[in-house]
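Predicted, not measured: the structure shown is a model, and the values here were computed from it. For ligands, and for the atoms within them, numbers begin at 1 and follow the listed sequence.
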Amino acid sequence: MSSDNYSFETKLLHNQHKVDPATGAVSVPIQHASTFHQFDIESYGKYDYARSGNPTREALEDVIAELEGGTRGFAFSSGMAAISTAFLLLSSGDHIVITDDVYGGTYRMVTQVLTRFGIEHTFVDMTDLDQVKAAIQPNTKAFYVETPSNPLLKVTDIQAITTLAKEINAITYVDNTFLTPEYQRPFELGADIVLHSATKFLSGHSDVVAGLAVVKDEELGKRLYSLQNSFGAVLGPQDAWLVLRGIKTLHVRLEQSQKSAIKIAEFLEAHPLVEKVYYPGLKDHPQHELQKSQAAGPGAVLSFEFKDEQALQVFLTNVKIPVFAVSLGAVESILSYPAKMSHAAMSQAEREKRGIKNSLIRLSVGLENPDDLIHDFSQALHQVKEKLLVLQQGE
Ligand SMILES: *Cc1c(COP(=O)(O)O)cnc(C)c1O
């Protein structure tokens, strides 16, 4: 049985880097050397200088390429380094059609940096294909998809976008951070470049910042390699090893967190003090069926809204188990406040236009017992109720 036939969870462990060919080590060795001795002046070895190639980083690059079903992977010092380097495939005069509730850092890169280099963009609600079509210009060279989106968990039809892109010879980027190849394989839906903040689910332990890019087309791979080497925002070997280790448990982590997320989403949806829950795993999510058809699961991130900012503040002050922090995709549950964290780069007006309210909170479900989390949320919601009663009596 070749590893091609293995199921995904087996491949996480038994891939081309399961053992080190030099020693048989079952953990990829961390190679710190920045330069490599050349034994022959006529022909140089595979590695010369570690920005251009490092065996530990390369192992991670091979593994992510294999898991995504691409031909070549690239590891960067952060998700933003991966995304920004991949944007350098574009040139002055090009135009990007991009999803409107994109990750805040990507929003900043596109609006504040790429514009200075003559790369234009149009933000659209990608769940509305008519809007996407209307945004296409003669110089549109790329589509940028993030699905499910952050923080509103809107689901974009990847296949529909890549079909449009192919018609006009444009490329499609897909940020696959939220679902990972465990649940979503954008190449199977026609994507050209898959991007990751490996800081999140892939590494999974809140202990490393890393980014990945994967391509399927070999020519595109050569261009991206040249950009990785030119720009130089490569991932260090120690961090590459941490991501490699995290990937081994991706399946068990994500399955468990997703199971809990479904339970918690249902609890929140039924609670009278929660105004709205955004989670593609809920049957009344507007793209629930689409999500089921293009991904193997809804993932472990959800958002929910309170009546107002005050209710949110009382909840946050009283909730005990999750950490309150930027980031997602970790073993511990993380609550974050998009308006002041991931989307702080957006003005209040821009956020409101996108439906990101100041009373919205995002939850990334970790590996705690879901009943403990529900119990904790229950008591914090009870505090919200008490506080609201006090306020009403004061009126
Ligand atoms: C965190 C994140 C990024 C940026 O990744 P960094 O590793 O923080 O640079 C990009 N996209 C999404 C969806 C993210 O959640």
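Residue, atom and distance of the protein heavy atom nearest to atom 14 (C) of ligand 1 are Lys200 NZ, 3.0 Å. Closest to atom 9 (O) of ligand 1, if we only count protein heavy atoms, is Met80 N, 2.8 Å. Of the protein's non-hydrogen atoms, the one nearest atom 6 (P) of ligand 1 is Gly79 N, 3.3 Å. Taking atom 11 (N) of ligand 1 as the reference point, the nearest protein heavy-atom neighbour is Asp175 OD2, 2.7 Å. Among all protein heavy atoms, the one lying closest to atom 4 (C) of ligand 1 is Tyr103 CE2, 3.4 Å.
There is no side-chain donor-acceptor pair under 3.5 Å between Gln383 and Gln379.
Taking every heavy atom of Ser78 and a limit of under 4.0 angstrom, the matching atoms of ligand 1 come to 7 (O), 9 (O). Taking every heavy atom of Ser197 and a limit of under 4.0 angstrom, the matching atoms of ligand 1 come to 1 (C), 2 (C), 3 (C), 4 (C), 5 (O), 6 (P), 7 (O). Below 4.0 Å from some heavy atom of Glu146 lie the following atoms of ligand 1, by number and element: 13 (C).
Considering backbone and side-chain atoms alike, Thr199 places an N or O below 3.5 Å from some N or O of ligand 1.
Relative orientation of the Phe304 and Phe377 rings is tilted, given thresholds of 30° and 60° on the angle between their planes. Note on ring orientation: taking the six-membered ring where Trp is involved, the planes of Phe39 and His37 are perpendicular (angle over 60°, cut-offs 30° and 60°). Ring planes of Tyr103 and His343: perpendicular class, angle over 60° (limits at 30 and 60°).
For the ligand labelled ligand 1, residue Ile83 lies inside the 4.0 Å heavy-atom shell. Within the 4.0 Å heavy-atom cutoff, Ala210 counts among the residues contacting ligand 1.
The distance between the ring centers of Tyr144 and Phe87 falls below 6.0 angstrom.
A salt bridge between Glu61 and Arg57 is present, with a side-chain N of the basic residue lying under 4.0 Å from a carboxylate O of the acidic one. Comment: Asp125 engages Lys154 in a salt bridge, judged by a side-chain N to carboxylate O separation of less than 4.0 angstrom.
Tested against His14 for a side-chain hydrogen bond (donor to acceptor under 3.5 Å, both in side chains), the candidates Lys18, Gln16, Lys11 yield a single pass: Lys18.
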